[in-house]
Amino acid sequence: MTEKNRSAVTRICRQLDGLPLPIELAAARLSAMSPEQLLQRLSDRYALLTRGSRSAPSRQQTLQLCVDWSYDLCDPGEQLTWARLSVFTGSFELEAAEYGCGDADQPADLLDMVTTLVDKSILIREENNAGVRFRMLETLRDYGREKARHRGEHHNLRRRHRDWYRQLARTAENEFIGPLQLEWIERLSCEQPNLREAMDFCLAENDTETCVQIATALAQLWGSRGLLSESRDWLDQFLSRDRNRPTVTTIRALHADCLMAEQQRDHQRGAALAEQVRVLAGELTDPIAHAIVDSMDGIVGLFTGDLVPAAAALERTRPVFGAAENELALRIESLALLGLVYQLLDKEPHRAIQCYEDVLAVTQVHGESVYRSYALWAMAVAQWRLGAADHARDLLGQGLRLARLANDPVGCANYFEALAWMAGDSDPVRASTLKRMVRCQ
């Protein structure tokens, strides 16, 4: 082990699930290749890990024989369930397994099989705030997927897997602005590997509509996790393939892509996306599509400093989004952005505060936390700039608690930075400490 190969060795051990036998078989290959080369070939671990001790029992001489031995100890029903459950990546819920892998006429059979596979350590049971979930080691998943391919089931399993996660993403998006928001954040955080797997399948099937639906629903979560580049990459891939007639769904995706591009200071891309939406919306009569055009103009203006046109554009969205009961996210986001524009204009601090108060009123009624946290942060900064430092600190305390409840590292970083600004003049040591906390988020 050296500083140079430490990272590769660590990743090898993680990919092999920390299991002693596969790690020992991998180590035996180091006489012919470096850890870095070994890591690159682990995608076909069953062909690679074949040189164990000749004196060991046969099942311990290759990884294939080892897992074959475990597989043979399962009855046919358990073997079938093992193969089918291998479609999941990371962990999964029982309901997802029943939808994607079970028999609709006999759902209890799958529950029994899951229970016995847990007893035999093929599945690992995990429990967190999102409920009980199950996980299969990557080594066992690869084996199960190969069995599913031999049975001719793998493609159909992936299709059903995609359908489940498409519906999950739709439901999450519809219920995100509401009292279940924190539960959805926890659940979607656990489901990210499966959602990525579903989008990969959509790419392979050229199913851009489903891709866009999933990626747009995840944009808010990924934004709060700082995963802007990944979110933009997914959206760019899907939108570049979408050659169908423009829909409001496509325009929503372009809107999300534009906001993240501007947050990363990619102003050229943000402006190009805004212009693309303007052209597409011209083919639609839906007022929401045209309001999204105004919202994107406001976003581009906010981040490029063209504030007066940005304020005018965002003001035009208010009656449209305000009248649409099912457009709460767009309404709240547009109000929050308008508040930032007015705050940066300096001459309009009270109009900015009014926008934030409107956001807080809407989010409180619907039991929402994420946007409420951001509005409290923005309100606190506005009050501090008006000289109400004590009120600003109280608002920051409220908002930081919400950001922590939502497990929002980007939001927490914003709060620590604002607290550092306020401490800068009177307590430079505290300000420096808070700045370091920003970098740790």
Side-chain angles (χ1 to χ4, degrees), residues 88-100 102 107 111 114 123-135 161-199 210 213-228 230-231 234 252 256 325-333 336 359-377 397-415 441:
F88 294 100
T89 301
S91 62
F92 58 90
E93 302 167 325
L94 180 62
E95 292 82 357
E98 289 173 337
Y99 179 90
L111 177 59
V114 166
L123 290 176
I124 299 168
R125 182 186 183 276
E126 299 176 337
E127 190 166 353
N128 56 29
N129 293 333
V132 175
R133 301 179 65 84
F134 302 93
R135 180 170 60 88
H161 176 276
R162 175 208 60 195
D163 292 346
W164 172 264
Y165 285 102
R166 172 176 55 194
Q167 186 57 48
L168 184 78
R170 283 176 174 172
T171 306
E173 187 173 27
N174 291 337
E175 297 182 359
F176 194 79
I177 307 298
L180 299 177
Q181 185 182 71
L182 297 180
E183 294 176 29
W184 274 115
I185 289 172
E186 180 87 19
R187 190 174 178 186
L188 290 177
S189 296
C190 294
E191 294 289 9
Q192 284 187 82
N194 281 306
L195 289 160
R196 292 182 179 112
E197 183 79 8
M199 288 190 288
T210 299
Q213 289 172 348
I214 295 175
T216 306
L218 287 174
Q220 173 62 54
L221 176 70
W222 281 343
S224 70
R225 297 294 186 271
L227 300 174
L228 300 178
E230 177 179 2
S231 188
W234 284 112
R252 289 176 190 278
E325 293 185 4
N326 60 340
E327 299 297 347
L328 280 173
L330 286 171
R331 177 184 174 189
I332 293 169
E333 186 177 275
V359 171
L360 293 173
V362 174
T363 54
Q364 184 172 17
V365 167
H366 290 87
E368 195 273 346
S369 300
V370 172
Y371 285 108
R372 183 173 182 80
S373 173
Y374 280 96
L376 287 166
W377 164 79
Q398 295 177 46
L400 182 56
R401 284 190 288 273
L402 282 177
R404 285 174 167 165
L405 280 173
N407 191 22
D408 180 353
V410 173
C412 288
N414 288 338
Y415 276 98
Q441 293 302 307

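Counting heavy atoms from C-beta on, the side chains of L182 and E186 never come closer than 4.5 Å. When side chains are defined from C-beta on, E183 does not count as touching E175, because their heavy atoms never get closer than 4.5 Å. Residues L218 and W234 are not in side-chain contact: their nearest non-hydrogen atoms beyond the backbone lie 4.5 Å or more apart.
With rounding to the nearest 0.5 Å, the separation of OG1 in T216 from CZ in R252 is 9.0 Å. To the nearest 0.5 Å, atom CG of residue N194 and atom NE2 of residue H161 are 3.5 Å apart. Atom OG1 of T210 sits about 7.5 Å away from atom CG of D163, to the nearest 0.5 Å. D408 CG to L400 CG: the interatomic distance, rounded to the nearest 0.5 Å, is 10.5 Å. Taken to the nearest 0.5 Å, the CD atom of Q192 stands 7.0 Å off from the CH2 atom of W222. Atom CH2 in W377 sits 5.0 Å away from atom CG in N414 (nearest 0.5 Å).
R133 places a side-chain N or O within 3.5 Å of a backbone atom of S91 that can act as its donor or acceptor partner. Side-chain N or O atoms of T363 include one that pairs as donor or acceptor with a backbone N or O of V359 at under 3.5 Å. Counting only distance, with no hydrogens or angles, the side chain of S224 and the backbone of L221 share a donor-acceptor pair below 3.5 Å. Of the possible donor and acceptor atoms, none in the side chain of Q181 sits under 3.5 Å from a partner among the backbone N and O of E368.
By the side-chain hydrogen bond (donor to acceptor under 3.5 Å, both in side chains) test, R225 pairs with S189, sequence neighbours left out. Partners of R135 according to the salt bridge (Lys or Arg N to Asp or Glu O under 4.0 Å) rule, which considers only residues two or more places apart in sequence or in another chain, are E126. With sequence neighbours left out, the salt bridge (Lys or Arg N to Asp or Glu O under 4.0 Å) criterion links R372 to no other residue. Judged as a side-chain hydrogen bond (donor to acceptor under 3.5 Å, both in side chains), and not counting sequence neighbours, R401 has no contacts. Contacts of T89 classified as side-chain hydrogen bond (donor to acceptor under 3.5 Å, both in side chains), with partners at least two apart in sequence or in another chain: R145, E197. For A97, the side chain to side chain contact (heavy atoms under 4.5 Å, CB included) partners two or more places apart in sequence, or in a different chain, are L85, F88, F92, L110. For F176, there are no ring pair (Phe, Tyr, Trp, His ring centres under 6.0 Å) partners two or more places apart in sequence or in a different chain. By the side chain to side chain contact (heavy atoms under 4.5 Å, CB included) test, S373 is found to be paired with L402, A403, Y415, residues two or more places apart in sequence or in another chain being considered. For the side-chain hydrogen bond (donor to acceptor under 3.5 Å, both in side chains) test, no residue two or more places apart in sequence or in another chain qualifies with E325. The side chain to side chain contact (heavy atoms under 4.5 Å, CB included) check on A172 picks up W184, L188, with sequence neighbours excluded. Partners of W164 under the ring pair (Phe, Tyr, Trp, His ring centres under 6.0 Å) rule, at least two apart in sequence or in another chain, are Y99. Partners of R125 by salt bridge (Lys or Arg N to Asp or Glu O under 4.0 Å), not counting sequence neighbours, listed by chain and number: E127.
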Check the pair I332 / H366 against side chain to side chain contact (heavy atoms under 4.5 Å, CB included), numbers first and verdict last.
-> CA-CA 11 Å; I332 293 169; H366 290 87; over 6 Å; no
Side chain to side chain contact (heavy atoms under 4.5 Å, CB included) between I185 and V370: does it pass, once the steps are laid out?
-> CA-CA 10 Å; I185 289 172; V370 172; 3.6 Å; yes
Working for side chain to side chain contact (heavy atoms under 4.5 Å, CB included), residues C190 and N128 = CA-CA 10 Å; C190 294; N128 56 29; 3.5 Å; yes
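Closest non-hydrogen pair, A169 versus A217, comes out as O-CB, 3.5 Å. The two residues A219 and A256 have their closest heavy-atom pair at CB-CB, 4.1 Å.
Judged purely by distance below 3.5 Å, without hydrogens or angles, the side chains of R166 and Q213 never pair a donor atom with an acceptor atom.
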